Protein chains: 2
Amino acid sequence: MIRNGLTAEVSKVSKRVRQEDIAKELGLSINSVSLALKNSKRINEETRQRVQQVAKELNYIPNSIARSLVEKKSKIIGFILPKITNPVQIETAQLIERKLMANGYNMMLMTTDSDRDYESFALDILVSRQVDGIFLFPTNKQNQDKIRSIRNAHIPMVLLSGGNYEPASDSVYMNQYKGAYKAAAHLAQLGHRKIAFIHGGAANMEKYMGYQTALKDNGIEFNPELVITVDKYSYEQGYLSAAKLFPQGGVTALFASSDYLALGALRWCREQGMRVPEDVAIVGFDDLEAAQYAEIPLTSVTYKVEELTTLAVELLYRLITEQEHTTKSKPTRIEIEPSLQIRSSCGYKSQNGEVSACKKG
Amino acid sequence: MIRNGLTAEVSKVSKRVRQEDIAKELGLSINSVSLALKNSKRINEETRQRVQQVAKELNYIPNSIARSLVEKKSKIIGFILPKITNPVQIETAQLIERKLMANGYNMMLMTTDSDRDYESFALDILVSRQVDGIFLFPTNKQNQDKIRSIRNAHIPMVLLSGGNYEPASDSVYMNQYKGAYKAAAHLAQLGHRKIAFIHGGAANMEKYMGYQTALKDNGIEFNPELVITVDKYSYEQGYLSAAKLFPQGGVTALFASSDYLALGALRWCREQGMRVPEDVAIVGFDDLEAAQYAEIPLTSVTYKVEELTTLAVELLYRLITEQEHTTKSKPTRIEIEPSLQIRSSCGYKSQNGEVSACKKG
DNA sequence: TTGTACGCGTTATCAG
DNA sequence: CTGATAACGCGTACAA
């Protein structure tokens, strides 16, 4: 039943319009419509145009659920991260979302609250939703077997973490160990002997190792009393940690596993009238904008998030393409090396070996 | 073909296992399996157990795509926001994701980069994906017609913005106008006459209005030279804006539409040796943790994000439930009123009307 | 209690 | 160039 306008029934009832509706409208078969809509050359130019015309008038929007079912791919990528409060992880998510979008993928975001079971649950959901791939910032306690099982199921997944161990799946990551090593070594080489460390627990084991090794390599004995574990990367936790660390005396340097922690500690020190870096040197991690614009611009461990996300997306695409034969080979590991962005919060060593604005151990 | 273990074919080939596979394994029909899996009472307790047992052994994971197709709901909620760099919006997303998760929904996250066309595109994609609902932080230039068309299509959507205009869809929002009014009025009442304003352009019109009205109500003439528009909520933009504003002289107070901008400006002022709040008073917006732990703790406009997200989720659920008959009624508007979190960055007025630590205009 | 048949909206294969 | 017909995996009447 073709008219100048559209069939009354269709425009009134707000049921979603399907290919079938536009087929009826034009007296065509459903599959001609399907072909016409994808600009198949197997369809007459004129009918193609008519179909597309009517599709627009009817406000046809394809049902990707149905499409996914038959094509066996959802064009959805899952992204799991512990908490949204970590700016670097969020920036990573943002950059990745952009890149995915450009290739017709969308992102399903899930948070685990750093809970092992939530993470496992999230992975199940994503598998259930037939996602074409997964990015995962693993939580502290690794779901090693779960991760392995996903890999065995040939579901492309890229871990956004790693370190000095063998990851259970393909991964792209910034080497936190090296970052922490550089930070602690820098402080040590400036002459500090009592270097405190604030970290976020199990999730920061790599950083912890880097810190310890740097001390050892610089002839400093590790002192567990100088290490504080917090459960959140916040200014507040940094502030409170400083309040615990410094009163016991002797600490002249602090390395925090997050800029927020470092900045919170910085605030405490300043409130106490301590000078930075003269009385205490501080180094953070992540190089947030807040570090650069802090009261005392903060030295911090930094890396190119853009580069990492590019590599991560490339890797995932490769996994999606190869899919089948990758399974048995060993997981790919791609590593980004962080560097130290030096600012004034830790003083500096001049050419002749003199250390300025920095109290020596 | 039942054995003690599992059919060899099944465990070797890594094709996803379906209900059919477990049906074959037990010599049952597909639908008995389906029923057994959902704990239907219409199925024998013993077979139910056997089915669930085998399902577990086979590692059966339901295909939600197929389920969505028949049930006509995806259990996916779309979430659109301009940029992920806004911490408050991200926190909103996080809190909402938690609440959704608890009810079996998952979140598809999309960013628009504050681009009108991207936003429109994102909405199309979500509709195409048959999402059950949408949360939208609209960009500057509203896609009024698009938003209306989504509403007319009976797709539940909650806008996370609003103001002194009639929103095209249901909305839950913090009244930015009032927040800005309070901030500017506070500065005016402290005696400031030349109050600068940094804002993010079209997205901040409500705040702009609040600022202007507050000036007027306090007998201060609006001076466009004291207003700076930036394209990004960053420390850097705040820093640069301050560098433009203050050298021209006379400005004694600054209100920024974001804490980042305010903190960047604060940094510039401090670098110039200006005292805060004695030489210049500063007020920000959002009350981030960074505001509280700033060099000079920052007065800022604040509101309960938790409360807003709770209301937003409730509203969306209501829309999902009612669906049909809501269409014609006017959109629901729920408003949260912000308040001013006063800290030391703007001085204060004592009981007897004296203003301390605050240079009078 | 269990099995059969059909539908969800789309794509793909194969005739005509 | 176009039209039946059969998938895709699951849910649900209805029948046995």
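All chains are named by letter (A, B, ...) in the order of the sequence lines, taking the proteins before the strands, and each is independently numbered beginning at 1. Owing to the predicted nature of the structure, the values given are computational and were not obtained by experimental measurement.
- Taking only side-chain nitrogens and oxygens, A:Ser32 never comes nearer than 4.0 Å to OP1 or OP2 of D:dT2.
- Here the C1' atom of nucleotide D:dG11 and the CG atom of B:Asn39 are 16 Å apart, to the nearest Å.
- With respect to A:Lys24 and A:Asp21, no salt bridge is recorded, no charged nitrogen being found less than 4.0 Å from a carboxylate O.
- Summarising the geometry, the separation between CD on A:Gln130 and C1' on D:dC10 is reported as 11 Å, rounded to the nearest angstrom.
- Across all their heavy atoms, B:Arg98 and A:Thr111 have their closest contact at NH2-OG1, 3.1 Å.
- Residues A:Tyr317 and A:Asn103 meet the side-chain proximity criterion, which asks for heavy atoms closer than 4.5 Å.
- Among the nucleotides D:dA4, C:dT10, D:dG9, the one closest to the side chain of B:Arg18 is D:dG9.
- Between the P atom of D:dC1 and the CD atom of A:Glu45 lies a distance of 10 Å, rounded to the nearest Å.
- Close to D:dC1, at under 4.0 Å from its OP1 or OP2, lies no side-chain N or O of A:Lys41.
- Here B:Lys83 pairs with B:Asp113 in a salt bridge; the nearest charged N to carboxylate O distance falls below 4.0 Å.
- Remark: P of C:dT2 and CZ of B:Arg48 are 12 Å apart, rounded to the nearest angstrom.
- C:dG9 atom P lies 12 Å from atom CD1 of A:Ile65, rounded to whole Å.
- Remark: C1' of D:dC8 and CG of B:Asp21 are 13 Å apart, rounded to the nearest angstrom.
- Ion pairing between a basic and an acidic side chain is recognised when a charged N comes within 4.0 Å of a carboxylate O; B:Lys73 and B:Glu71 show no such pairing.
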### Summary
Under a 4.0 Å heavy-atom criterion, the protein footprint on nucleotides 11-16 of chain C, written with B, S and -, is BBBB--

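- When rounded to the nearest whole Å, the span between CG of B:Asn63 and P of D:dA7 equals 18 Å.
- Using a cut-off of 4.0 Å between Lys/Arg side-chain N and Asp/Glu carboxylate O, B:Glu306 and B:Lys99 are scored as salt-bridged.
- Distance NZ (B:Lys73) to C1' (C:dC8): 14 Å, rounded to an integer number of Å.
- Looking at heavy-atom distances under 4.0 Å, B:Thr47 makes contact with sugar-phosphate atoms alone, never a base.
- Note on B:Ile43: only backbone sugar-phosphate atoms sit closer than 4.0 angstrom, heavy atoms only; bases stay farther off.
- With salt bridges taken as basic N to acidic carboxylate O contacts below 4.0 Å, none links B:Arg116 and B:Glu119.
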